Amino acid sequence: MRKYDLLPSIEEISIDEKITKSQQQTNPILDEVAATLVEAPMPPRVKQSHEEDDHPTAPVQSTPNMNSSFLRKIKILQKSSTETVVHANTFGSFQNYMHITRPIEKETIEKLEFIKTCTTPQLMFICGSVGDGKSHLLAYLKQNRPELLEGFYIHNDATESYSRTKSAEETLEQILQPFADGMSPTKHMIVAINIGKLHNFYIRQAEANRFNALRQYIDSLQIFETEAEKTTKTTLNYFHAVDFSKVKYYRIDQSGVSSPFYLEALYKITAPHPANEIYNAWKQDLDNGIHTIVHENFEMLMNKQVQKRVFEKLVQTIIRNKMIVSTRSFYNFIFDIIVPSSVLINPNRTGFSIQNTLPNLLFESIDRSDVLLSMTELDPLNSKGMLEDEIITNIFIHADVFTYVKELLNNEEKLMFEKVMKYAIAKGFYKEIAKYIIRSKELLEDEQSDSIYSKFIQYIYSYYKGEYEALEELFIIIEQVLFKWKGSPRDNFIYVSNEAQKDYRLAVPVDLEPKVDEDVFDSMDSDFIEASEYFLTLGFNEYLFELDLRLFEFLILVKNGYCPNLTEINQAIQFEEFYNKLVREAEEKENRFLLVHLQSNAHFEVTKPKSKFTKNKYEVRKV
């Protein structure tokens, strides 16, 4: 079980039992709805094994998919594609269209312009992680700013092939030899490299006591340190570096979370722009009568509200799981929620089934990537509520399910995935319909401003902005949790331990004064923060703890009455240690305690005697 992964999930019985009962009944409109599924004649072909029409929730197959220009073109978003947007060896018109200007590009150009003015040969590292856009930026500059790279020797560690007789470290050692101790390089050099490989090179040279000047520069970068420890100097002597690992993909402002990169990338993928080869291929297929679930998923992603909510869900899972989603991983994520695995495996399939719709691919594709595995934690089916129960019940009893679904999704004209939905209704697959509707509503409606996630984001902004009044609510929540964590026998007292099996429990009085990390609190000098930390540090008295989203979700459960068990308390180790520090402080400072007899609920006040001449260590009286 993941740390703090303690939120209750939806009870399967709430759906499954109702569905079982409903599917035993007959629906008088099924025959009428089923009649709408008559399709145009299909080109003759041999039926493939395991076709979607063999699936219980799939309608009859449409036009074969094998000649789909759209499916071929959208694969450029796939991580494994040799033509992927991010690390293309060549830079075509589509890569140029997909290019998004970021601050790291400006920093790179400024350093290159400076190096061009230097008469002594310079070495520049372009560092980062796999798939973060290093190679893409180099290809973009070669195509659009070739004068910047004139006179440079360029080594792209991600695309260069190594000698069969040499390791990556040996190859890099040979490449960098002109900048070794005592050598005299003859031209400027650019090395694009992943931080892990640079670290391996560094260790190898440290053991051999070579490249001392270069290693001193790498030390000054602190590139192998955590984000909090970095005080980077990106230029020293004739060495330079730009670090893609510092790139922030989203930011937090007063209105919540935004991301110029993610949102612009989504727009570029779906925009009806002459240079957008993905959209053009989609339109060409439809004009040629090629229509699959992949085309319908893409059409849903064109919806600006859906784009906004997909982005919000992505950032939420990044913050919740402290993930790093590179540019390449982001594009692959978009590909995975458009193209079902079954269609990817067999392009002859049209993929028409309710399971293959975008809302279900977003929340059910646990085996396709770590991002989508984490996304399942945000599945609205995990949050059972009155609205979900009402939707499930009404689907089973409504006389016109199709009209009801259209009303639920606020679509009076055209229902998304209409063909698939009509087929599911005709067959009585109400469980799948209910899941699809609940997930679709999650994408078509705005996030509630009072949701736990939205509140947490507001607190992060207020913390960095130095807004004490806005954080008052958060401190009240934490104080309430403190008195519920192991229980409280009376006001201002908390139990020392969770030993409910004993006859007596000891409680100590606590006097709480809100506390923040003064180095970080009120440190935002603009209207937004470039998000890099996924927590805020606060507490009471002199004791602080790190509050992240998972812990905050769990503390809200406790505040609302959930009683954590010993295992859950140990998992929330940050808060448990904070609690114990407050208890120890009270034990050292206070001279009175409370002893509670659990069976009778009798309370006894235990005090340290004021007289120095008594032999008793404590005085006890019933209160």
Side-chain angles (χ1 to χ4, degrees), residues 1 3-7 471-517 535-548 550-612 614-623:
M1 182 165 58
K3 185 178 180 183
Y4 315 137
D5 192 14
L6 305 168
L7 293 179
L471 286 176
E472 183 178 357
E473 179 186 58
L474 177 58
F475 279 107
I476 291 174
I477 291 173
I478 296 172
E479 183 173 338
Q480 291 173 336
V481 172
L482 276 171
F483 286 98
K484 292 181 178 182
W485 190 246
K486 295 179 182 178
S488 171
R490 63 170 56 182
D491 290 347
N492 300 323
F493 279 82
I494 60 175
Y495 281 120
V496 171
S497 64
N498 205 27
E499 298 173 327
Q501 72 278 10
K502 294 188 176 181
D503 293 336
Y504 290 89
R505 292 184 71 187
L506 182 66
V508 296
V510 288
D511 186 18
L512 303 175
E513 182 68 27
K515 181 75 173 178
V516 297
D517 184 345
F535 59 87
L536 44 88
T537 307
L538 74 173
F540 291 106
N541 305 345
E542 298 302 316
Y543 308 110
L544 306 176
F545 70 98
E546 293 178 355
L547 180 65
D548 61 19
R550 279 188 179 273
L551 179 55
F552 181 63
E553 291 170 339
F554 184 52
L555 296 187
I556 292 296
L557 280 178
V558 176
K559 169 188 172 291
N560 292 335
Y562 181 77
C563 184
N565 57 41
L566 184 59
T567 300
E568 294 165 346
I569 287 176
N570 289 334
Q571 288 175 333
I573 190 65
Q574 279 263 354
F575 194 78
E576 170 68 359
E577 291 177 351
F578 164 68
Y579 184 94
N580 290 335
K581 289 176 182 177
L582 290 174
V583 168
R584 286 194 294 271
E585 178 188 56
E587 289 176 329
E588 293 172 0
K589 290 183 177 181
E590 299 292 336
N591 67 345
R592 69 188 182 102
F593 310 98
L594 203 62
L595 199 61
V596 181
H597 185 252
L598 298 182
Q599 187 172 358
S600 64
N601 197 35
H603 290 195
F604 301 89
E605 185 179 74
V606 180
T607 59
K608 298 175 183 178
K610 297 179 181 179
S611 174
K612 297 180 180 180
T614 179
K615 294 181 179 180
N616 298 325
K617 291 184 178 181
Y618 298 99
E619 295 177 354
V620 181
R621 69 183 183 90
K622 189 172 182 180
V623 292

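In what follows, residues are counted from 1 in the order of the sequence shown. Computed over heavy atoms, backbone and side chain alike; hydrogens, waters and symmetry mates excluded. Quick caveat, the model's predicted, so the values are computed rather than measured.
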Expected output: side-chain Ser488 to main-chain Phe493 donor-acceptor under 3.5 Å: yes
Lys515 vs Leu544 side-chain heavy atoms within contact, under 4.5 Å: yes
Phe578 ring center within less than 6.0 Å of Tyr543 ring center: no
Main-chain N/O of Glu513 paired to Asn541 side chain as donor or acceptor, under 3.5 Å: yes
Close side-chain approach of Phe575 and Leu551, heavy atoms under 4.5 Å: yes
Qualifying residue for side chain to side chain contact (heavy atoms under 4.5 Å, CB included) with Leu555, from Leu547, Leu474, Leu482: Leu547
Nearest non-hydrogen partners of Leu538 and Leu536, listed with the distance: CD2-CD1, 3.2 Å
4.5 Å side-chain heavy-atom contact, Val558 and Gln480: no
Exam field: side chain Arg505 to backbone Tyr495, donor-acceptor pair closer than 3.5 Å: no
Sub-6.0 Å ring centroid separation between Phe475 and Phe540: yes
Steps toward side-chain contact (heavy atoms from CB on, under 4.5 Å) verdict (Ile556, Val481): CA-CA 8 Å; Ile556 292 296; Val481 172; over 6 Å; no
Criterion side-chain contact (heavy atoms from CB on, under 4.5 Å) on His597 and Gln599, from CA distance to verdict: CA-CA 6 Å; His597 185 252; Gln599 187 172 358; 3.6 Å; yes
Donor-acceptor pair, side chain of Lys484 and main chain of Lys559, under 3.5 angstrom: yes
Intermediate values then yes/no, side-chain contact (heavy atoms from CB on, under 4.5 Å), Val496 and Glu587: CA-CA 9 Å; Val496 171; Glu587 289 176 329; 3.8 Å; yes
Ring geometry between Trp485 and Phe554 (parallel below 30°, tilted from 30 to 60°, perpendicular above 60°): perpendicular
Salt-bridge contact Lys589-Glu585 (side-chain N to carboxylate O under 4.0 Å): yes
Reported CD-to-CZ distance for the pair Gln574 and Arg550, which is rounded to 0.5 angstrom: 15.0 Å
pair Leu594-Val606: side-chain heavy atoms closer than 4.5 Å: no
Pro509 versus Glu590, closest heavy-atom pair with distance: CG-CG, 3.5 Å
Short N-O contact, Glu576 and Lys486, less than 4.0 angstrom: yes
4.5 Å side-chain heavy-atom contact, Ile494 and Val508: yes
Greater than 12 external heavy atoms within 6.0 Å of Asp511's CG: no
Rounded distance [0.5 Å steps], CG in Leu557 versus CZ in Phe552: 11.0 Å
Heavy-atom side-chain proximity of Arg490 to Asn492 below 4.5 angstrom: no
Distance (rounded to the nearest 0.5 Å) between Phe604 CZ and Lys622 NZ: 5.5 Å
Shortest non-hydrogen separation from Asn565 to Glu568 and the atoms involved: OD1-N, 2.8 Å
Backbone of Ile569 reached by a side-chain donor or acceptor of Asn498 within 3.5 Å: no
Neighbour count >12 (heavy atoms, 6.0 Å) for atom CD, Glu472: no
Point-to-point distance, once rounded to the nearest 0.5 Å, from CG of Leu582 to CG of Leu512: 6.5 Å
